[in-house]
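See below for the structure under consideration.
The first residue of the sequence shown is numbered 1, and numbering continues consecutively from there. Computed over heavy atoms, backbone and side chain alike; hydrogens, waters and symmetry mates excluded. This one's a predicted model, so the numbers in the text were calculated from it and none came from an experiment.
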Amino acid sequence: MISEAALEALKGFVPSENIRLRERMSEHTTFRIGGEADCFIELENKEQLLKVQKYLTAIEEPFFILGNGSNLLVSDEGYRGVILQIGRKMSQIRVEGSRMIAGAGALLSQVAKAALAHGLTGLEFACGIPGTVGGGVVMNAGAYGGEMSQVVTEVTVTSRDGEVLLLDNESMEFGYRTSTIKNHPFVVTEVAFELEGGDRQLIQEKMEDLAARRREKQPLEYPSAGSTFKRPEGYFAGELIMKAGLRGFQIGGARVSDKHCGFVVNTGRATAADVKDVVDEIRERVKDIFHVELQPEIVFLGRF
């Protein structure tokens, strides 16, 4: 549990109404699963982030950066540390010609809609991804042939010692579901995109087509973290899981989706332990049958 002295110090950096104790993380993940975090702080700007993370680093208090919680499974025991959320209060979007600059807390669906409103093409793929811009850049989010690396030109990040850095596309070292930020303790605060002018009607039609394809193929009616596993080279994770006979496999309230085997869903009463057990069974079964090591896309936070 965070000390009273640390809590008072944090109130000097962030308005007290933005700080909550024993916050249920099930309210902050798309899985709708997770125990309590010792302390939860909703950040409003880069200056607050710089001060808070520098202080927490100095006192060696564990902390975790949260966006929309769309790729996250929090332990049933919760998180013993501080959750720093970069969300709606850091979600400003501005457009300068073909250039769009978005706060890390903006939802990817919001930036896709903003691009549409300004007749800019290139972000249609992001219209149905439930994460934030910051999280999307960290993992090089993508769908239907598009990904962040294709449109991101600059990423503003902060380091744990309070330094602000500007990384260009090359410095980001984008790869399949990864970037340089995966290997460095940086926090994304702002992202610049370079897009192209396009026909609003065609952009709208493409977004509607992608949305229809998602509704048809993905189990959007259940809470989940999206695709559970990264795509193994030469295979499709969902196909391997299906061929392993795991369609509909269930432990507790966690189930391999009948609609798309690449998704583990919360049927309404799943615990984090249930999800982890299903993930472990999938990995073991697929490895035994196909000799393929599936790697989770999900971030596991807390004790499992």
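- A salt bridge links Glu239 to Lys243: one of the charged nitrogens lies within less than 4.0 Å of a carboxylate oxygen.
- Taking a 6.0 Å sphere around CD of Glu233, one finds it holds 12 or fewer heavy atoms contributed by other residues, nucleotides or ligands.
- When all heavy atoms of Ile86 and Ala104 are compared, the closest pair comes out as CG2-CB, 3.9 Å.
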Exercise for the section: For the pair Arg214 and Cys127, evaluate side-chain contact (heavy atoms from CB on, under 4.5 Å) and give the outcome as yes or no after the intermediate values. Expected result: CA-CA 11 Å; Arg214 283 189 176 88; Cys127 65; 4.0 Å; yes
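- Under the side-chain hydrogen bond (donor to acceptor under 3.5 Å, both in side chains) test applied with Ser98, the options Glu196, His118, Glu194 reduce to a single match, Glu194.
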*asked:* Please determine whether side-chain contact (heavy atoms from CB on, under 4.5 Å) holds for the pair Met172 and Met148, giving the CA-CA distance in whole Å, both sets of side-chain angles, and the decisive distance to 0.1 Å.
replied: CA-CA 11 Å; Met172 284 295 296; Met148 299 293 276; over 6 Å; no
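- Checking side-chain atoms of Asn266 against main-chain N and O of Arg269 turns up a donor-acceptor pair under 3.5 Å.
- The shortest non-hydrogen separation linking Gly119 to Ile203 is C-CD1, 3.9 Å.
- Contact annotation: the side chain of Ile83 never approaches that of Phe63 to less than 4.5 Å [non-hydrogen atoms, C-beta and beyond].
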>> Between Val14 and Glu44, does the side-chain contact (heavy atoms from CB on, under 4.5 Å) criterion hold? Intermediate values first, please.
In response: CA-CA 8 Å; Val14 180; Glu44 297 180 341; 5.9 Å; no
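- Rounded to the nearest 0.5 Å, atoms CZ (Arg215) and NZ (Lys259) are 10.0 Å apart.
- Residue pairs satisfying the ring pair (Phe, Tyr, Trp, His ring centres under 6.0 Å) criterion with at least one member in residues 213-248, sequence neighbours excluded, are absent.
- In this structure, Arg213 does not pair ionically with Glu216, as no charged nitrogen and carboxylate oxygen lie closer than 4.0 Å.
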**Asked** Where do Val137 and Phe174 land on the side-chain contact (heavy atoms from CB on, under 4.5 Å) test, with the steps shown first?
**Response** CA-CA 9 Å; Val137 165; Phe174 286 119; 4.3 Å; yes
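- Using a 4.5 Å cut-off on side-chain heavy atoms (C-beta onward), Leu166 and Val155 make no contact.
- Residues Arg283 and Pro296 meet the side-chain proximity criterion, which asks for heavy atoms closer than 4.5 Å.
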Exercise for the section: Step by step, work out the salt bridge (Lys or Arg N to Asp or Glu O under 4.0 Å) result for Asp38 and Arg80. Expected result: CA-CA 6 Å; Asp38 287 347; Arg80 304 285 73 82; 2.9 Å; yes
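- Looking at Ser75 and Glu77, their side chains never bring a donor and an acceptor atom within 3.5 Å of each other.
- Each of Met90 and Leu107 belongs to its own hydrophobic cluster when Ile, Leu, Val, Met, Phe, Trp and Tyr are linked at side-chain heavy-atom distances under 4.5 angstrom.
- The two residues Thr30 and Pro223 make their nearest non-hydrogen contact at O-CB, 3.3 Å.
- Electrostatic pairing of Arg20 and Glu23 counts as a salt bridge here, judged by a charged N lying under 4.0 Å from a carboxylate O.
- In this structure, CZ on Phe263 lies 13.5 Å from CG on Asp258, to the nearest 0.5 angstrom.
- In this structure, the side chain of Asp168 does not engage the main chain of Glu154 through any donor-acceptor pair within 3.5 Å.
- Applying the side-chain hydrogen bond (donor to acceptor under 3.5 Å, both in side chains) definition to pairs two or more places apart or across chains, those involving residues 155-167 are Gln53-Thr158, Ser159-Asp161.
- Annotation: cation-pi geometry satisfied between Arg231 and Tyr176 (NZ/CZ under 6.0 angstrom from ring centroid, within 45° of ring axis).
- Taken from NZ in Lys287 to NE2 in His291, the straight-line distance is 10.5 Å, to the nearest 0.5 Å.
- Inter-residue side-chain proximity for Ile19 and Leu7 is flagged as met; some heavy-atom pair is nearer than 4.5 Å.
- Heavy atoms from other residues, nucleotides or ligands lying under 6.0 Å from CD of Glu17 number more than 12.
- Closest approach of Pro232 and Ala237 over heavy atoms only: CD-N, 3.8 Å.
- Using a 4.0 Å cut-off between a side-chain N of Lys or Arg and a carboxylate O of Asp or Glu, Glu293 and Lys230 do not qualify as a salt bridge.
- Residues Glu60 and Thr57 have side chains that never bring a donor and an acceptor to within less than 3.5 angstrom of each other.
- No path of Ile, Leu, Val, Met, Phe, Trp and Tyr side chains, each step under 4.5 Å between heavy atoms, connects Phe64 with Phe31, placing them in separate hydrophobic clusters.
- Considering only heavy atoms from C-beta on, Ile41 comes within 4.5 Å of Val82 through its side chain.
- Using a 3.5 Å distance cut-off with no hydrogens or angles, the side chains of Glu297 and Thr228 do not pair a donor with an acceptor.
- The distance from atom CG of Asn169 to atom CD of Gln150, rounded to the nearest 0.5 Å, is 10.0 Å.
- Contact check for His28 versus Phe40: side-chain heavy atoms found under the 4.5 Å cut-off.
- Residues Ile93 and Ala114 approach most closely at CG2-CB, 4.1 Å, considering heavy atoms.
- The closest donor-acceptor contact from the side chain of Asn71 to the backbone of Gly226 lies at 3.5 Å or more, if one exists at all.
- Rounding to the nearest 0.5 Å gives a distance of 11.0 Å between CD1 of Ile65 and OG1 of Thr132.
- Aromatic ring pairs are classed by plane angle as parallel below 30°, tilted from 30° to 60° and perpendicular above 60°; the pair Phe300 and Phe304 is perpendicular.
- Cluster membership for Val152 and Phe186, using ILVMFWY side-chain heavy atoms within less than 4.5 angstrom, is shared.
- Here CG of Asn140 is found 10.5 Å from CD1 of Ile181. Values are rounded to the nearest 0.5 Å.
- Formation of a donor-acceptor pair under 3.5 Å by the His260 side chain with backbone atoms of Gly262 is found in this model.
- Connection of Val292 to Ile282 is established within a shared hydrophobic cluster, with ILVMFWY side chains joined at heavy-atom distances below 4.5 Å, either directly or through further cluster members.
- Within the 3.5 Å criterion, the main-chain N or O of Ala126 finds no donor-acceptor partner in the side chain of Glu124.
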Open item on the list: For Glu47 and Lys51: C-alpha separation, side-chain torsions, deciding distance, then whether salt bridge (Lys or Arg N to Asp or Glu O under 4.0 Å) applies.
Closed with: CA-CA 6 Å; Glu47 289 68 35; Lys51 292 174 183 177; over 6 Å; no
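- Using modelled atom types, one finds a donor on one side chain and an acceptor on the other under 3.5 Å when comparing Asn18 with Lys89.
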TODO: Step by step, work out the salt bridge (Lys or Arg N to Asp or Glu O under 4.0 Å) result for Arg88 and Glu42.
DONE: CA-CA 9 Å; Arg88 59 187 179 84; Glu42 186 177 13; 3.4 Å; yes
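- In this structure, Ile101 stands alone, with no Ile, Leu, Val, Met, Phe, Trp or Tyr side-chain heavy atom under 4.5 Å from its own, directly or through other members.
- Across Leu167, Val138, Val133, a single residue satisfies side chain to side chain contact (heavy atoms under 4.5 Å, CB included) together with Val188, and that is Val138.
- Side-chain contact between Leu66 and Leu84: absent, with no pair of heavy atoms (C-beta onward) separated by less than 4.5 Å.
- Residues Ala272 and Leu73 share a closest heavy-atom pair of O-CD2, 3.8 Å.
- Ile33 is not listed as a side-chain neighbour of Thr271, based on a closest heavy-atom distance of 4.5 Å or more.
- Met242 is not connected to Leu294 by any chain of hydrophobic side-chain contacts under 4.5 Å among Ile, Leu, Val, Met, Phe, Trp and Tyr, and they are in different clusters.
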